[in-house]
Amino acid sequence: MANAGLQLLGFILAFLGWMGAIASTAMPQWKTHSHAGDNIVTAQSIYEGLWMSCVSQSTGQIQCKVFDSLLNLHSTLQATRALMVIGILLGLIAIFVATIGMKCMKCLEDDEVQKMRMAVIGGVIFLISGLAILVATAWYGHRIVQEFYDPMTPVNARYEFGPALFTGWAAACFCLLGGALLCCSCPRKTTSYPTPRPYPKPAPSSGKDYV
(Lines give C-alpha, C1' and ligand atoms only; values in the text may rest on other atoms or scores of the structure.)
Protein backbone atom coordinates (compact mmCIF):
# COMPACT_ATOMS: atom_id res chain seq x y z
CA MET A 1 0.00 0.00 0.00
CA ALA A 2 1.26 3.45 -0.85
CA ASN A 3 1.78 5.93 1.90
CA ALA A 4 -1.13 8.37 2.14
CA GLY A 5 1.27 11.24 2.87
CA LEU A 6 3.31 10.48 -0.26
CA GLN A 7 0.11 10.34 -2.29
CA LEU A 8 -1.04 13.69 -0.91
CA LEU A 9 2.37 15.22 -1.65
CA GLY A 10 2.14 14.04 -5.25
CA PHE A 11 -1.30 15.55 -5.64
CA ILE A 12 -0.18 18.89 -4.19
CA LEU A 13 2.88 19.04 -6.48
CA ALA A 14 0.82 18.17 -9.54
CA PHE A 15 -1.82 20.75 -8.61
CA LEU A 16 0.85 23.43 -8.20
CA GLY A 17 2.24 22.45 -11.59
CA TRP A 18 -1.20 22.80 -13.13
CA MET A 19 -1.61 26.26 -11.60
CA GLY A 20 1.84 27.19 -12.88
CA ALA A 21 0.88 26.08 -16.38
CA ILE A 22 -2.16 28.37 -16.31
CA ALA A 23 -0.03 31.28 -15.11
CA SER A 24 2.64 30.59 -17.73
CA THR A 25 0.09 30.45 -20.54
CA ALA A 26 -1.46 33.76 -19.50
CA MET A 27 1.82 35.62 -18.94
CA PRO A 28 3.03 37.80 -21.84
CA GLN A 29 6.75 37.42 -21.01
CA TRP A 30 7.58 34.27 -22.96
CA LYS A 31 10.46 36.05 -24.65
CA THR A 32 11.99 39.40 -23.78
CA HIS A 33 13.98 41.78 -25.93
CA SER A 34 17.70 41.15 -25.69
CA HIS A 35 20.07 43.95 -24.67
CA ALA A 36 23.17 42.16 -25.91
CA GLY A 37 24.04 44.76 -28.53
CA ASP A 38 25.95 47.98 -27.96
CA ASN A 39 23.41 50.27 -29.60
CA ILE A 40 20.30 48.85 -27.96
CA VAL A 41 17.97 51.49 -26.52
CA THR A 42 17.11 50.48 -22.95
CA ALA A 43 14.42 53.12 -22.45
CA GLN A 44 11.81 50.52 -23.35
CA SER A 45 11.46 46.78 -22.93
CA ILE A 46 9.71 44.63 -25.52
CA TYR A 47 8.36 41.19 -24.70
CA GLU A 48 6.01 38.73 -26.34
CA GLY A 49 3.76 35.95 -25.12
CA LEU A 50 1.43 33.41 -26.64
CA TRP A 51 -1.43 35.85 -27.07
CA MET A 52 0.03 39.37 -27.24
CA SER A 53 3.13 41.51 -27.54
CA CYS A 54 3.84 44.34 -25.09
CA VAL A 55 6.11 47.36 -24.82
CA SER A 56 7.07 48.66 -21.37
CA GLN A 57 8.38 52.22 -21.19
CA SER A 58 10.90 53.43 -18.63
CA THR A 59 8.14 55.65 -17.23
CA GLY A 60 6.14 52.57 -16.25
CA GLN A 61 3.61 52.77 -19.06
CA ILE A 62 2.81 49.43 -20.69
CA GLN A 63 1.14 49.02 -24.08
CA CYS A 64 0.01 45.58 -25.27
CA LYS A 65 -1.35 44.44 -28.61
CA VAL A 66 -3.21 41.16 -29.00
CA PHE A 67 -2.26 39.03 -31.98
CA ASP A 68 -5.04 39.62 -34.49
CA SER A 69 -4.68 36.82 -37.03
CA LEU A 70 -4.33 33.20 -35.97
CA LEU A 71 -3.26 31.95 -39.39
CA ASN A 72 -0.59 34.62 -39.71
CA LEU A 73 1.26 33.41 -36.61
CA HIS A 74 4.37 31.26 -36.68
CA SER A 75 3.75 27.51 -36.62
CA THR A 76 5.81 27.15 -33.44
CA LEU A 77 3.61 29.66 -31.64
CA GLN A 78 0.44 27.91 -32.79
CA ALA A 79 1.75 24.51 -31.67
CA THR A 80 2.85 25.95 -28.31
CA ARG A 81 -0.61 27.40 -27.75
CA ALA A 82 -2.28 24.10 -28.55
CA LEU A 83 0.03 22.03 -26.34
CA MET A 84 -0.32 24.38 -23.37
CA VAL A 85 -4.11 24.38 -23.63
CA ILE A 86 -4.14 20.57 -23.96
CA GLY A 87 -1.85 20.26 -20.94
CA ILE A 88 -4.13 22.49 -18.86
CA LEU A 89 -7.26 20.58 -19.86
CA LEU A 90 -5.62 17.23 -19.13
CA GLY A 91 -4.50 18.57 -15.77
CA LEU A 92 -8.07 19.56 -14.94
CA ILE A 93 -9.28 16.05 -15.77
CA ALA A 94 -6.44 14.55 -13.73
CA ILE A 95 -7.41 16.63 -10.70
CA PHE A 96 -10.96 15.22 -10.68
CA VAL A 97 -9.81 11.64 -11.29
CA ALA A 98 -7.01 11.75 -8.72
CA THR A 99 -9.29 13.33 -6.12
CA ILE A 100 -11.56 10.29 -6.28
CA GLY A 101 -8.58 8.01 -5.68
CA MET A 102 -7.13 9.93 -2.73
CA LYS A 103 -7.14 7.98 0.51
CA CYS A 104 -8.35 11.01 2.44
CA MET A 105 -11.56 11.12 0.35
CA LYS A 106 -14.69 9.09 1.00
CA CYS A 107 -15.33 8.19 -2.64
CA LEU A 108 -15.09 4.47 -3.48
CA GLU A 109 -14.33 3.75 0.14
CA ASP A 110 -15.74 0.22 -0.10
CA ASP A 111 -13.51 -0.79 -3.04
CA GLU A 112 -9.93 0.04 -2.09
CA VAL A 113 -8.37 -1.51 -5.19
CA GLN A 114 -10.57 0.53 -7.52
CA LYS A 115 -9.82 3.62 -5.44
CA MET A 116 -6.07 3.12 -5.87
CA ARG A 117 -6.52 2.57 -9.58
CA MET A 118 -8.26 5.93 -9.89
CA ALA A 119 -5.28 7.58 -8.20
CA VAL A 120 -2.94 5.85 -10.64
CA ILE A 121 -5.04 6.93 -13.63
CA GLY A 122 -4.97 10.50 -12.34
CA GLY A 123 -1.19 10.26 -12.01
CA VAL A 124 -0.82 8.99 -15.57
CA ILE A 125 -2.94 11.86 -16.89
CA PHE A 126 -0.77 14.28 -14.90
CA LEU A 127 2.30 12.74 -16.54
CA ILE A 128 0.83 13.26 -20.01
CA SER A 129 -0.10 16.81 -19.09
CA GLY A 130 3.43 17.50 -17.85
CA LEU A 131 4.91 16.08 -21.04
CA ALA A 132 2.68 18.32 -23.17
CA ILE A 133 3.74 21.39 -21.20
CA LEU A 134 7.40 20.37 -21.32
CA VAL A 135 7.33 19.83 -25.09
CA ALA A 136 5.59 23.18 -25.61
CA THR A 137 8.05 25.18 -23.53
CA ALA A 138 11.12 23.35 -24.86
CA TRP A 139 9.99 23.83 -28.45
CA TYR A 140 9.38 27.54 -27.93
CA GLY A 141 12.71 27.95 -26.14
CA HIS A 142 14.53 26.13 -28.95
CA ARG A 143 13.07 28.58 -31.44
CA ILE A 144 14.31 31.54 -29.35
CA VAL A 145 17.82 30.07 -29.29
CA GLN A 146 17.77 29.46 -33.05
CA GLU A 147 16.70 33.02 -33.81
CA PHE A 148 19.19 34.49 -31.34
CA TYR A 149 22.19 32.76 -32.93
CA ASP A 150 20.94 33.18 -36.50
CA PRO A 151 23.33 35.59 -38.24
CA MET A 152 20.46 36.82 -40.41
CA THR A 153 18.56 38.08 -37.35
CA PRO A 154 19.28 41.77 -36.64
CA VAL A 155 20.82 42.53 -33.26
CA ASN A 156 17.91 44.75 -32.28
CA ALA A 157 15.43 41.96 -33.09
CA ARG A 158 16.86 39.23 -30.88
CA TYR A 159 15.03 37.87 -27.86
CA GLU A 160 15.93 35.89 -24.77
CA PHE A 161 14.04 33.58 -22.41
CA GLY A 162 11.26 35.29 -20.48
CA PRO A 163 9.91 34.58 -16.97
CA ALA A 164 6.87 32.77 -18.38
CA LEU A 165 9.13 30.20 -20.03
CA PHE A 166 10.87 29.39 -16.75
CA THR A 167 7.46 29.19 -15.05
CA GLY A 168 6.35 26.70 -17.68
CA TRP A 169 9.43 24.54 -17.16
CA ALA A 170 8.85 24.51 -13.40
CA ALA A 171 5.17 23.66 -13.93
CA ALA A 172 6.09 20.74 -16.19
CA CYS A 173 8.53 19.38 -13.59
CA PHE A 174 5.92 19.64 -10.83
CA CYS A 175 3.30 17.83 -12.93
CA LEU A 176 5.73 15.06 -13.84
CA LEU A 177 6.95 14.61 -10.27
CA GLY A 178 3.45 14.73 -8.81
CA GLY A 179 2.12 12.30 -11.39
CA ALA A 180 4.97 9.89 -10.68
CA LEU A 181 4.21 9.96 -6.95
CA LEU A 182 0.54 9.32 -7.63
CA CYS A 183 1.46 6.36 -9.81
CA CYS A 184 3.10 4.81 -6.75
CA SER A 185 -0.45 4.03 -5.58
CA CYS A 186 -0.57 1.15 -8.04
CA PRO A 187 -2.09 -1.84 -6.23
CA ARG A 188 0.23 -4.80 -5.90
CA LYS A 189 -0.85 -8.10 -7.31
CA THR A 190 -1.47 -10.60 -4.56
CA THR A 191 -0.18 -14.08 -5.26
CA SER A 192 -3.07 -16.56 -5.19
CA TYR A 193 -2.21 -20.01 -3.98
CA PRO A 194 -4.41 -23.04 -4.80
CA THR A 195 -6.71 -24.19 -2.08
CA PRO A 196 -5.11 -27.15 -0.28
CA ARG A 197 -7.01 -30.37 -0.76
CA PRO A 198 -7.92 -32.34 2.36
CA TYR A 199 -6.15 -35.61 2.82
CA PRO A 200 -8.40 -38.64 2.27
CA LYS A 201 -9.53 -40.21 5.48
CA PRO A 202 -8.36 -43.77 5.99
CA ALA A 203 -11.02 -46.43 5.64
CA PRO A 204 -12.21 -47.93 8.93
CA SER A 205 -10.65 -51.22 9.75
CA SER A 206 -12.96 -54.27 9.59
CA GLY A 207 -11.08 -56.11 12.34
CA LYS A 208 -10.03 -59.00 10.10
CA ASP A 209 -6.44 -59.53 8.98
CA TYR A 210 -5.90 -61.30 5.70
CA VAL A 211 -2.73 -63.26 5.07
Side-chain angles (χ1 to χ4, degrees), residues 1-30 49-51 70 73 75-144 161-195:
M1 298 295 178
N3 189 358
L6 192 65
Q7 189 184 65
L8 182 61
L9 176 62
F11 181 82
I12 293 174
L13 289 176
F15 182 78
L16 291 177
W18 179 71
M19 294 293 293
I22 295 177
S24 175
T25 305
M27 291 172 64
Q29 295 94 352
W30 275 68
L50 300 181
W51 316 99
L70 176 63
L73 298 176
S75 59
T76 303
L77 182 58
Q78 295 181 11
T80 304
R81 276 184 177 183
L83 287 173
M84 291 300 293
V85 172
I86 290 173
I88 292 173
L89 292 178
L90 287 175
L92 182 61
I93 297 173
I95 289 174
F96 286 109
V97 176
T99 301
I100 298 175
M102 296 293 293
K103 291 185 176 182
C104 56
M105 302 298 292
K106 297 296 183 180
C107 302
L108 298 177
E109 199 174 23
D110 297 334
D111 193 348
E112 189 175 354
V113 175
Q114 186 66 24
K115 189 178 182 66
M116 288 188 295
R117 286 177 180 172
M118 293 298 290
V120 173
I121 294 174
V124 171
I125 300 176
F126 268 127
L127 288 176
I128 300 174
S129 173
L131 286 175
I133 298 169
L134 182 62
V135 170
T137 51
W139 194 355
Y140 194 93
H142 178 67
R143 181 197 167 195
I144 295 176
F161 298 153
L165 202 57
F166 293 103
T167 304
W169 282 329
C173 293
F174 280 170
C175 286
L176 291 174
L177 181 59
L181 292 177
L182 285 173
C183 288
C184 294
S185 302
C186 183
R188 298 178 182 177
K189 294 182 179 180
T190 56
T191 306
S192 58
Y193 296 96
T195 305

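The figures here come from the full heavy-atom set of this structure, side chains too, leaving out hydrogens, waters and symmetry mates. None of the values given here were measured: they were computed from a predicted structure.
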Nearest-0.5 Å distance that lies between atom CG in Leu182 and atom CG in Leu8: 9.5 Å
To check you understand the geometry: which heavy-atom pair defines the closest contact between Met84 and Thr137, and what is its length? SD-CG2, 4.4 Å
Do the side chains of Trp30 and Leu77 get nearer than 4.5 Å, heavy atoms only? no
Salt bridge (Lys or Arg N to Asp or Glu O under 4.0 Å) partners of residues 133-143, not counting sequence neighbours, each pair once: Arg143-Glu147
Of the non-hydrogen atoms in Phe126 and Gly179, which two are nearest, and what is the gap between them? CB-CA, 3.9 Å
Review item, side-chain donor-acceptor pairs of residues 11-29, under 3.5 Å, at least two apart:
| from | atom 1 | to | atom 2 | distance (Å) |
| --- | --- | --- | --- | --- |
| Trp18 | NE1 | Ile88 | O | 2.8 |
| Ser24 | OG | Ala164 | O | 2.7 |
| Thr25 | OG1 | Ala21 | O | 2.7 |

Which atom pair, heavy atoms only, marks the closest approach of Met102 to Gln7? CA-OE1, 3.5 Å
If I take atom CG from residue Leu89 and atom OG from residue Ser129, how far apart are they, to the nearest 0.5 angstrom? 9.0 Å
So CD1 of Ile86 and CG of Leu131: to nearest 0.5 Å the spacing works out to 12.5 Å
Check this for me: Phe174, atom CZ, are more than 12 non-hydrogen atoms of other residues, nucleotides or ligands nearer than 6.0 Å? no
Out of curiosity, Ile128 CD1 to Cys175 SG, how far, rounded to the nearest 0.5 Å? 12.0 Å
Mind listing the closest non-hydrogen atom pair of Gly130 and Ala172 along with its distance? O-CB, 3.7 Å
Side chain to side chain, Leu176 and Leu127, heavy atoms closer than 4.5 Å: yes
Ala136 versus Leu83, closest heavy-atom pair with distance: CB-CB, 3.6 Å
Which atoms form the tightest heavy-atom contact between Gly101 and Ala119, and what is the distance? O-CB, 3.6 Å
